[in-house]
Amino acid sequence: MCGRFNLRTNPATLVQLFLPQMDVGDVPPLPPRYNIAPTQQILAVTGDDAEHRSLRFFRWGLVPPWADSLSIGARMINARSETVAEKRSFRGPFASRRCLIPASGYYEWQASDNGGKQPIHIHRDDDGLLAMAGLWEENRKASADGAPVFSCTVLTTSANEKTAPVHDRMPVFLEGAGVDAWMDPDASSEQLQDLCRPLADERLECTPVSPKVNRAGYDDPQCIVPIKIATQRNLFDT
DNA sequence: CCAGACGTTGTT
DNA sequence: GTCTGG
DNA sequence: CCAGACGTTGTT
DNA sequence: GTCTGG
């Protein structure tokens with residue numbers, strides 16, 4: 001799944017990959033984020049085609065139009081791609097409110113024998129920018145001040161060979177022609193479903209990182225620094 | 001008809 | 001809002 | 001996803 | 001244990 005991620009890029013890269021018609025100067029500065037958590041405002045790319053894209057903030061955790069509390073969104077941070085066309089809260093957004101959520105990497109917590117959890121940073125082998133498949137929604141009942149709330153969710157699919165040892169689910173990542181295909185308003189449900197496959201095995205690397213990343217408020221470069229793991233074996237060997 | 005859910009993950 | 005369960 | 005709270009009354 | 005907040 002995807003319950004925490006990072007975004008370490010600059011406006012030029014973002015524009016080059018996902019917003020070709022946008023002037024780099026019109027993109028706000030992008031301070032690097034190392035620990036992005038649910039309920040926070042996250043950047044997403046919307047717009048039907050490459051000529052009409054925009055970059056907007058959404059609350060992470062989809063809040064359906066009927067919800068009268070933002071807390072509903074905390075349990076809607078992901079949507080299973082296999083069932084997204086049928087689920088009541090997701091099928092509307094799936095049909096007409098798809099988006100791209102840029103990410104440089106995401107985190108999984110690998111369960112260990114002793115009951116502990118080791119955080120793993122999963123990122124491209126070249127550390128390049130990724131695009132997660134997302135859906136967005138608008139709600140006019142949930143905010144305290146009555147202002148409309150725009151929120152989003154990240155689609156998931158089965159893990160690939162690289163990530164399966166860590167966790168059995170992963171975000172849907174779009175690449176190449178899949179990016180425009182995902183954003184095409186005329187795409188059929190079947191075509192969209194076809195895009196929701198695990199990323200090619202060779203693209204991703206899994207790197208153990210410090211449990212400092214556990215704390216959502218710890219937004220620091222330390223979150224992605226690789227660490228050595230003291231395994232059962234090397235504890236006895238040394 | 002009305003009431004109640006509407007979601008995913010991991011764990012038991 | 002819309003669907004499922006009773 | 002993980003961390004941290006989880007409650008009310010009366011008094012200051 | 002379960003929910004809320006980040």
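Within every chain, numbering begins at 1; the chains are lettered A, B, ... in the order of the sequence lines, protein sequences first and strands thereafter. The figures that follow rest on heavy atoms only: side chains count, while hydrogens, waters and symmetry mates do not. Not measured: the values here are computed from a predicted model.
- Whole-Å rounding puts the A/Asn78 CG to D/dC2 P distance at 12 Å.
- With both ends at atom C1', the span from D/dT9 to E/dC3 equals 24 Å, rounded to whole Å.
- A straight line from NZ of A/Lys117 to P of B/dT9 spans 14 Å, rounded to a whole angstrom.
- Contacts of A/Ile77 with the nucleic acid, taken as non-hydrogen atoms under 4.0 Å apart, include base atoms.
- Looking at heavy-atom distances under 4.0 Å, A/Thr156 makes contact with sugar-phosphate atoms alone, never a base.
- Between A/Glu137 atom CD and C/dT2 atom P the separation is 12 Å, expressed in whole Å.
- B/dC6: Watson-Crick or G-U partner is C/dG1, with both key distances under 3.5 Å.
- Between A/Arg215 and D/dG4 there is a side-chain N or O to OP1 or OP2 distance below 4.0 Å.
- Close to B/dA5, at under 4.0 Å from its OP1 or OP2, lies no side-chain N or O of A/Arg88.
- One P atom belongs to E/dG5, the other to D/dT8, and the distance between them is 15 Å to the nearest Å.
- Note on A/Ser89: only backbone sugar-phosphate atoms sit closer than 4.0 angstrom, heavy atoms only; bases stay farther off.
- The side chain of A/Thr83 places an N or O atom within less than 4.0 Å of a non-bridging phosphate oxygen (OP1 or OP2) of B/dT8.
- Between A/Lys87 and B/dC6 there is no side-chain N or O to OP1 or OP2 distance below 4.0 Å.
- Using cut-offs of 30° and 60° on the angle between ring planes, the pair A/Phe173 and A/Tyr106 is tilted.
- Where stacking is scored as ring centres under 5.5 Å apart with planes under 30°, A/Trp66 registers as stacked on the base of B/dC6.
- Backbone-only engagement by A/Asp168 is indicated by non-hydrogen atom pairs under 4.0 Å involving sugar-phosphate atoms exclusively.
- Among the protein residues, A/Phe90 comes within range of the sugar-phosphate backbone only, with heavy atoms under 4.0 Å from sugar or phosphate atoms but none that close to a base.
- If you check every strand for non-hydrogen atoms under 4.0 Å, A/Pro64 touches nothing.
- Between D/dT11 and B/dC2, the two P atoms lie 48 Å apart (nearest whole Å).
- Atom CG in A/Asp68 sits roughly 13 Å away from atom P in C/dG1 (whole-Å rounding).
- Within 6.0 Å of the CD atom in A/Glu161, the count of heavy atoms belonging to other residues, nucleotides or ligands does not exceed 12.
- When rounded to the nearest whole Å, the span between CH2 of A/Trp109 and C1' of B/dT9 equals 13 Å.
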CA sep, side-chain torsions, deciding dist, call: A/Ile101, A/Trp60, side chain to side chain contact (heavy atoms under 4.5 Å, CB included): CA-CA 10 Å; A/Ile101 300 174; A/Trp60 186 14; 6.0 Å; no

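- Within 6.0 Å of CZ on A/Arg56 lie more than 12 heavy atoms contributed by other residues, nucleotides or ligands.
- Atom pair A/Asn214:CG and D/dG4:C1' shows a separation of 13 Å (rounding to whole Å applied).
- Nucleotide E/dG6 holds its P atom 17 Å from the CD1 atom of A/Ile36, rounded to whole Å.
- Between B/dC6 and A/Arg91, no contact under 4.0 Å exists linking OP1 or OP2 to a side-chain N or O.
- Between A/Arg4 atom CZ and E/dG6 atom P the separation is 13 Å, expressed in whole Å.
- Considering all non-hydrogen atoms of both residues, A/Tyr107 and A/Tyr34 come closest at OH-O, 2.6 Å.
- Scanning both residues, A/Leu204 and A/Lys162, for their nearest heavy atoms gives O-NZ, 3.2 Å.
- Look at the P atom in both B/dA5 and E/dT2: the space between them is 15 Å, to the nearest Å.
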